[in-house]
Each structure stands twice: as structure tokens, then as C-alpha cells.
Amino acid sequence: MSAALALTIFLVAFFFIATEKANKVKVVLVAAGLMAVFGLVPGSEVFYSEHAGIDWNVIFLLFGMMIIVGIVKQTGVFDYLAIWAAKKARGRPYRLMVMLMAITAIASPFLDNVTTIMLVAPVTIVVCNRLRIAAQPYLIAEVLASNIGGAATLIGDPPNIIIGSRAGLTFTDFLVHMAPVVAVVFVVFVLLTKVLFRKSFQYNAEHVEAVMALQERRAITDPAMLRRCLVVFAGVVIGFGLHSVLHLDPAIVALVGAGVMLLVTRADVNDVLAEVEWPTLTFFMGLFVMVAGLVHTGVIETVGTWAVSAFDDNYFAAATALLFGSSVLGAFFDNIPYVATMTPVVEGMVAEIPDAGTGRALWWSFALGADFGGNGTAVAASANVVALGIAARAGHKISFWQFTRYGIVVTLVSTAMAWGYVWLRYF
């Protein structure tokens with residue numbers, strides 16, 4: 001009974017989010033409240049359990065990076081990068097999209113994809129405003145590229161960190177097993193965008209000429225402040241990269257970096273806090289509680305266990321189920337809490353397999369499905385939600401279905417390619 005009630009609340013809330021019949025922040029707060037009122041989530045665990053409640057690591061990582069981005073923005077560097085990118089692409093829409101996607105995909109394996117989007121999205125909005133073109137297609141393409149690129153390494157995507165920790169997989173393991181298929185998928189994705197966004201490529205010679213005449217160096221309003229910001233930001237990036245050595249959560253690194261940057265730049269705290277995407281943070285907290293209701297009532301585990309048990313000793317079929325099942329479920333339940341919930345199930349499966357290599361193949365299938373499934377819908381991954389919040393704040397609103405109709409296509413293509421990779425390499 002409790003499982004049915006939790007699933008009903010989740011599906012009704014998801015309907016209102018998807019159809020945008022009500023503000024999504026209001027929807028998740030009401031849904032989260034109902035989960036608590038009906039006892040579907042223990043009150044204490046909602047606030048203190050990252051696996052079955054609000055994941056404060058994600059919340060504070062976002063908060064810290066929002067502060068950092070807000071400070072860096074004051075230096076004018078985003079305008080500089082936007083003008084530079086537009087001039088390098090000579091205003092050609094598809095060339096510009098490829099350039100921005102490449103920057104995003106290259107950065108995402110080394111920063112987490114949320115951080116990458118928070119850095120690239122403001123640049124994208126500025127350059128699109130300069131060229132007088134719609135920013136939505138470029139932002140959507142960047143988010144999809146970020147989720148693909150982030151799958152390549154241990155630290156590139158939060159689900160990978162969870163899987164790596166539980167399965168004992170190292171940074172090198174991810175690089176060797178995930179990076180090859182990610183590189184191929186990204187190349188195919190770049191070619192696919194020319195078809196998916198073909199109606200959005202607008203070229204206006206007059207606006208391009210005006211941008212080409214700009215001098216990007218003049219966009220930097222405070223060079224001294226920018227130098228201090230870059231030093232601190234470099235330290236944050238190094239902190240992210242040394243995650244496995246320092247044993248510091250990315251959220252801690254981001255918060256310390258935000259505090260140090262506030263001190264060394266002497267930026268006005270009130271101005272910086274005004275740049276924080278408070279609705280996005282609130283939406284995430286409500287969404288985590290909604291998913292916690294499905295976790296505590298056993299909905300997600302039941303679905304996962306049933307899917308796995310249906311294949312007995314057919315390990316390739318089990319890998320296929322994990323890959324496609326994770327891609328589908330991760331698209332609807334946010335891939336971070338989904339992975340946190342399903343990891344023990346996969347661990348139990350792997351423990352029953354006598355061949356260690358085959359067991360690893362299940363882990364890689366699980367990781368690929370969860371990572372690529374993050375492109376499935378507008379709420380499937382943290383980067384998606386953050387990008388939609390930034391776009392709305394800048395006056396370039398992206399609807400749930402505007403994002404999802406592209407995300408579904410990319411998810412299907414990338415998951416199918418991942419399935420072929422798993423089959424050829426491990427079976």
C-alpha cells in the first residue's frame with residue numbers, strides 16, 4: 001500500500017513537472033511534503049541520509065560553485081570568452097555549437113558535469129545574445145555533451161563516484177573502460193546535432209559583423225580580480241582532481257574555494273548571493289525527498305531486483321538489462337539517487353558471478369546506462385536541472401519537453417552504441 005501511494009505521488013508530481021501545468025518548485029515541495037505527511041519517508045533520514053534523502057553533497061557542491069561563478073562573472077571574463085568563441089567560429093551557428101560542445105565535453109571528465117555547465121552556460125548565453133540568436137539549442141547541446149563527456153572518468157559524473165566507491169574501481173579503470181566508448185559516442189553526437197538542431201541555425205551577417213569588430217580584451221573589467229579568481233579556481237580544480245587522494249568530497253572543495261574567493265576578491269556578499277539559483281537548489285531538495293519515498297517503500301529496489309532475477313545465469317542478458325534498464329529508470333528518477341539505490345543490487349549480482357571479468361562488465365553496463373540515461377529527460381541529471389535554471393534566469397526558458405525530445409533521441413543512440421561496445425568488448 002505504501003509503495004503504491006509513493007509511486008502515485010511521484011507520478012502525479014512528474015506529470016505536473018513534465019506538462020508545466022504548475023511551477024516545478026511548488027510541485028516538488030508539495031510532493032515532498034506529502035511523502036513526509038504519509039510517513040513514506042522517515043523525517044530524520046530525509047535530512048541525514050544521502051542515499052535515501054537529500055544529498056547535501058550535491059546541494060552544497062552546487063551552492064559553492066554558484067558562488068564561485070557569481071564572483072568570476074563580475075570580472076567580465078564570460079563576455080571575453082563569448083566574443084572570442086563567436087569570432088573563432090566566425091558567427092557560423094553549427095561551427096559555434098561544435099566549439100561549445102567540444103569545450104564542454106573536454107572539461108566534463110575533469111570537472112563534474114554540473115560545474116562545467118555552470119561555467120559554460122553563462123558564456124553561451126552572452127555569445128547568443130551578441131549574435132541575436134536563440135540560446136536554447138546551444139544550451140541543450142552543451143548539457144547533452146556534458147553528460148556524455150562526464151561518463152569518461154571517475155570524477156566526471158556523480159553516479160561514477162558512487163559506483164567507483166562501491167565496486168572498488170579506480171580513476172584509471174574508468175579511463176580505460178569508459179573513455180573509448182564515450183569518445184565514439186561524442187563524435188556521433190556531434191554529427192547528430194547537425195540534424196537535430198538544423199532548424200535552429202540562424203546566420204545574420206549584420207550581427208556577426210558587429211561581433212567580429214569587438215575587441216574581447218576590453219570585456220575584462222577587473223584584470224587584478226580575475227587573476228585572483230583564476231588562482232583560486234585552479235586550486236578548486238586540483239582539489240576535484242585529487243578527490244581519491246585527499247578524501248574530500250567535491251562539496252567541501254567547492255565551499256572552501258567559494259569562501260577563499262570571497263576573501264581574496266573582497267566581492268560584495270549580497271551581490272554574489274543574488275547570483276545563486278535558489279529555486280534550482282530548492283527543486284533538487286524536493287526531488288531528492290520524492291525519490292526517497294520510492295527508495296524507502298522499496299519501489300526502485302523491487303523494479304531492479306525483478307529485472308535482474310529474470311535472467312538467471314545469462315550474464316549478457318543481465319548486462320543488457322542493467323544497461324537499458326538504468327538508462328530508462330535513470331532518466332525518470334534522477335540518476336544520482338537511482339545509482340545510490342541500485343548499487344547494492346548490482347553488487348549482489350556481481351558477487352554471485354565466478355568470473356571477475358564478467359562481474360566488471362556488469363558494473364560498466366550499469367555505469368554506462370546510468371550516465372547516458374542522464375540525458376533522457378530534463379530532470380534526469382543535475383546538470384540538466386541547473387542548465388534549465390540558468391536559462392530561465394537569463395530569459396531563455398527551456399521547457400521540459402523542449403529538452404526531453406532531444407534528450408530521448410541522444411539517449412537511445414548512445415545507449416545502443418554502449419550496448420554494442422559491451423557486447424564486443426566483454427562478451
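Between L96 and K88 there is no side-chain heavy-atom pair separated by less than 4.5 Å. Using a 4.5 Å heavy-atom cutoff, the side chains of M261 and V72 are in contact. Between L368 and Y421 there is a side-chain heavy-atom pair separated by less than 4.5 Å. Side-chain contact check for M101 versus F189: some heavy-atom pair is nearer than 4.5 Å.
Proximity of a side-chain donor or acceptor of S365 to a complementary backbone N or O of T320 within less than 3.5 Å is not detected. Remark: the backbone N or O of Q402 is paired with a side-chain donor or acceptor of S399 at under 3.5 angstrom. S327 contributes no side-chain N or O that, together with a main-chain N or O of T415, makes up a donor-acceptor pair within less than 3.5 Å. Between the side chain of T297 and the backbone N or O of A3, no donor-acceptor pair lies under 3.5 Å. R198 places a side-chain N or O within donor-acceptor distance of the main-chain N or O of V195, the cut-off being under 3.5 Å. Of the possible polar contacts, none joining the E142 side chain to the I117 backbone as a donor-acceptor pair under 3.5 Å is found. Here the side chain of S108 pairs no donor or acceptor atom with the backbone of G149 at under 3.5 angstrom.
The heavy-atom pair separating S382 from V114 by the smallest distance is CB-CG2, 3.3 Å. Of all non-hydrogen atoms in T282 and V28, the two that sit nearest each other are O-CG2, 4.4 Å. Closest non-hydrogen pair, E277 versus G389, comes out as OE1-O, 3.5 Å. Here the shortest heavy-atom pairing between L322 and L362 reads CD1-O, 3.7 Å. Residues V27 and A13 approach most closely at CG1-O, 3.5 Å, considering heavy atoms.
Not a single side-chain hydrogen bond (donor to acceptor under 3.5 Å, both in side chains) links S414 to another residue, sequence neighbours left out. For Y406, the side-chain hydrogen bond (donor to acceptor under 3.5 Å, both in side chains) criterion is met by no residue, not counting sequence neighbours.
Among pairs with a residue in residues 187-196, none fulfils side chain to side chain donor-acceptor pair (under 3.5 Å), at least two apart in sequence or across chains. For the salt bridge (Lys or Arg N to Asp or Glu O under 4.0 Å) condition, the pairs that include at least one residue of residues 57-78, sequence neighbours left out, are K73-E275. Contacts classified as salt bridge (Lys or Arg N to Asp or Glu O under 4.0 Å) and involving residues 318-331 (residues at least two apart or in different chains) are not found. For the salt bridge (Lys or Arg N to Asp or Glu O under 4.0 Å) condition, no pair includes a residue of residues 143-157, sequence neighbours left out.
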Using the side-chain contact (heavy atoms from CB on, under 4.5 Å) rule, take L281 and M66 through it: C-alpha gap first, then chi angles, then the decisive distance, then the call. CA-CA 10 Å; L281 296 179; M66 285 175 182; 4.1 Å; yes
Between I163 and V346, does the side-chain contact (heavy atoms from CB on, under 4.5 Å) criterion hold? Intermediate values first, please. CA-CA 10 Å; I163 292 170; V346 179; over 6 Å; no
Chi angles and distances behind the side-chain contact (heavy atoms from CB on, under 4.5 Å) call for F63, L273: CA-CA 10 Å; F63 178 66; L273 290 178; 4.3 Å; yes
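Around atom CZ of R393, more than 12 heavy atoms belonging to other residues, nucleotides or ligands sit under 6.0 Å away.
The only member of N147, T377, N375, T404 that meets side chain to side chain donor-acceptor pair (under 3.5 Å) when paired with N384 is N147. Put simply, the residue from V181, V188, V187 that forms a side chain to side chain contact (heavy atoms under 4.5 Å, CB included) with V185 is V181.
Between L169 atom CG and L175 atom CG the span is 13.0 Å, to the nearest 0.5 Å. The OG atom of S146 lies 4.0 Å from the CG atom of N113; values are rounded to the nearest 0.5 Å.
Checked against a 6.0 Å centroid threshold, the rings of W364 and F174 count as neighbours.
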